[in-house]
Amino acid sequence: MAGLFAAGCSKVADSKAGSALLSAAEDWHRKAHRALANRQALAPEFTRADLSPTFRGNGSLTVDTPFYREQLASGFPDWRLEVTGLVATPLTFSLENIRRLPQRTQITRHDCVEGWSAIGEWTGPQLSLLLDAAGVLPEANFILFRCADTLHGHRYYESIDMVDAYHPQTIVAHMLNGEPLPEKNGAPLRMRVERQLGYKHPKYLTAIEAVATLDGIEGGKGGFWEDQYGYQWYAGM
Ligand SMILES: Nc1nc2c(c(=O)[nH]1)N[C@H]1C(S)=C(S)[C@@H](COP(=O)(O)O)O[C@H]1N2
Ligand SMILES: [Mo]
């Protein structure tokens, strides 16, 4: 749009209709910019005094496989998080690798569409760090999250756009309230995407995939709840 108007600028600016068109474009640009700036704003953060006494679990509360049982019992020595898809260098992280990265800790409120909220303190590296390490290619439009659990007979997965992927409060959390993630809350790794509703925070994370389109992936709507129950893909707050 900006290019279009820059190219034809002197001609359209001559006419009355042209300048009306120009100011309409300027208006459009200002609104788009405001919308984007709004999406980069931080979610409210709280203090330790605000922490919920217990952070309930919802949806899958475990992963029903022998591998998960065994890893849970031994502190997840063989859990791996892959960063793949449209990236220059696919990477694999152990839990130890994740813990050694620069960390962000944030106390935020989780809002589930089922009508409950909880405040928790989450710690982990920013997703942007992992994405930059792998080198996301320009063709990528979405970041997909693969999970180890099966809910109602389907593998859980989710996806977000690049604005949320690079949001400073989007982290790969391995701690809740200063302790390793509890089983029910997604041990050993779960996403926190703080500007989004609860179902956009995948637990039991196994892979992060940069993709150009959501077409042809699982049910094609970008997430478990979106595919199975018609939830909105964009659940921003
Ligand atoms: N892998 C996976 N991630 C998931 C879910 C799930 O069932 N499986 N449930 C989602 C929903 S609806 C919510 S509200 C939150 C619940 O997170 P909690 O169990 O830590 O409360 O996780 C989200 N992420
Ligand atoms: Mo939820």
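Each ligand, and each atom within it, is numbered from 1 in the order the structure gives. Values below: every heavy atom of this structure, side chains too, minus hydrogens, waters and symmetry copies. As the structure is a computational prediction, the values presented were derived from the model and not from experiment.
Under 4.0 angstrom from ligand 1, the non-hydrogen atoms of W116 all belong to its side chain. With a heavy-atom cut-off of 4.0 Å, L151 touches ligand 1 through its side chain alone. Contacts between F224 and ligand 1 below 4.0 angstrom, taking non-hydrogen atoms only, are absent altogether.
Of the listed options F145, Y156, W122, Y156 places a heavy atom closest to atom 9 (N) of ligand 1. Selection from R146, K203, M191 by nearest heavy atom to atom 19 (O) of ligand 1 gives K203.
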Inset, instruction - Verify salt bridge (charged side-chain N to carboxylate O under 4.0 Å, His left out) between R146 and E218, making sure each step is shown before the conclusion. - result: CA-CA 11 Å; R146 304 279 189 182; E218 302 291 335; 3.4 Å; yes

Inset, instruction - Kindly determine whether Y156 and F224 satisfy ring-ring contact (aromatic ring centres under 6.0 Å, His included), including the steps that lead there. - result: CA-CA 5 Å; Y156 202 94; F224 167 86; 5.3 Å; yes

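Scanning the protein for heavy atoms near atom 7 (O) of ligand 1, the closest one is S60 N, 2.8 Å. Here the heavy atom of the protein found nearest to atom 13 (C) of ligand 1 is G198 O, 3.6 Å.
Near Y199, meaning under 4.0 Å from one of its heavy atoms, ligand 1 places the atoms 10 (C), 11 (C), 12 (S). Near K184, with a cut-off below 4.0 Å to any heavy atom, the atoms of ligand 1 are 19 (O). With ligand atoms numbered from 1 in the order given, ligand 1 contributes 3 (N), 24 (N) to contacts under 4.0 Å with heavy atoms of P202. Each of the atoms 7 (O) of ligand 1 lies under 4.0 Å from some heavy atom of G59. Every atom of ligand 1 is numbered from 1 in the order shown, and the set under 4.0 Å from a heavy atom of C147 is 1 (N). Distances below 4.0 Å separate heavy atoms of F55 from the following atoms of ligand 1: 20 (O), 21 (O). Those atoms of ligand 1 that come under 4.0 Å of a heavy atom in W225, given as number and element, are 12 (S). Close contacts between ligand 1 and C112 involve ligand atoms 14 (S) [criterion: under 4.0 Å to a heavy atom].
Note: W225 and Y229 have tilted aromatic rings, judged against thresholds of 30 and 60 degrees for the angle between ring planes. The aromatic rings of F142 and W233 lie perpendicular to each other, with more than 60° between the two planes, well past the 30° mark. Ring pair W116/F55 is perpendicular by interplanar angle, where above 60° counts as perpendicular and below 30° as parallel.
Within the 4.0 Å heavy-atom shell around ligand 1 one finds R190. Using 4.0 Å as the threshold, H110 has a heavy atom nearer than that to some atom of ligand 1.
Here the options are R39, R195, K200, the test is salt bridge (Lys or Arg N to Asp or Glu O under 4.0 Å), and the partner is D164; only R39 passes. Of the candidates D50, T105, L176, E121 forms a side chain to side chain contact (heavy atoms under 4.5 Å, CB included) with just one, namely T105. Under the side chain to side chain contact (heavy atoms under 4.5 Å, CB included) rule, L205 has a single partner from H174, E82, M191, R190, which is M191.
Contact of the I143 side chain with the S159 side chain is not registered, since no non-hydrogen atoms from C-beta on lie closer than 4.5 Å. The shortest distance between side-chain heavy atoms of E158 and Y199 falls below 4.5 Å.
At under 3.5 Å, a nitrogen or oxygen of R56, whether backbone or side chain, sits near a nitrogen or oxygen of ligand 1. Annotation: D149 places an N or O atom under 3.5 Å from an N or O atom of ligand 1; distance criterion only. Note: an N/O pair closer than 3.5 Å links H201 and ligand 1 by distance alone.
Note: Y204 OH to R155 CZ = 13.0 Å, rounded to the nearest 0.5 Å.
A continuous path of ILVMFWY side-chain contacts below 4.5 Å connects I208 to V63, so both sit in one hydrophobic cluster.
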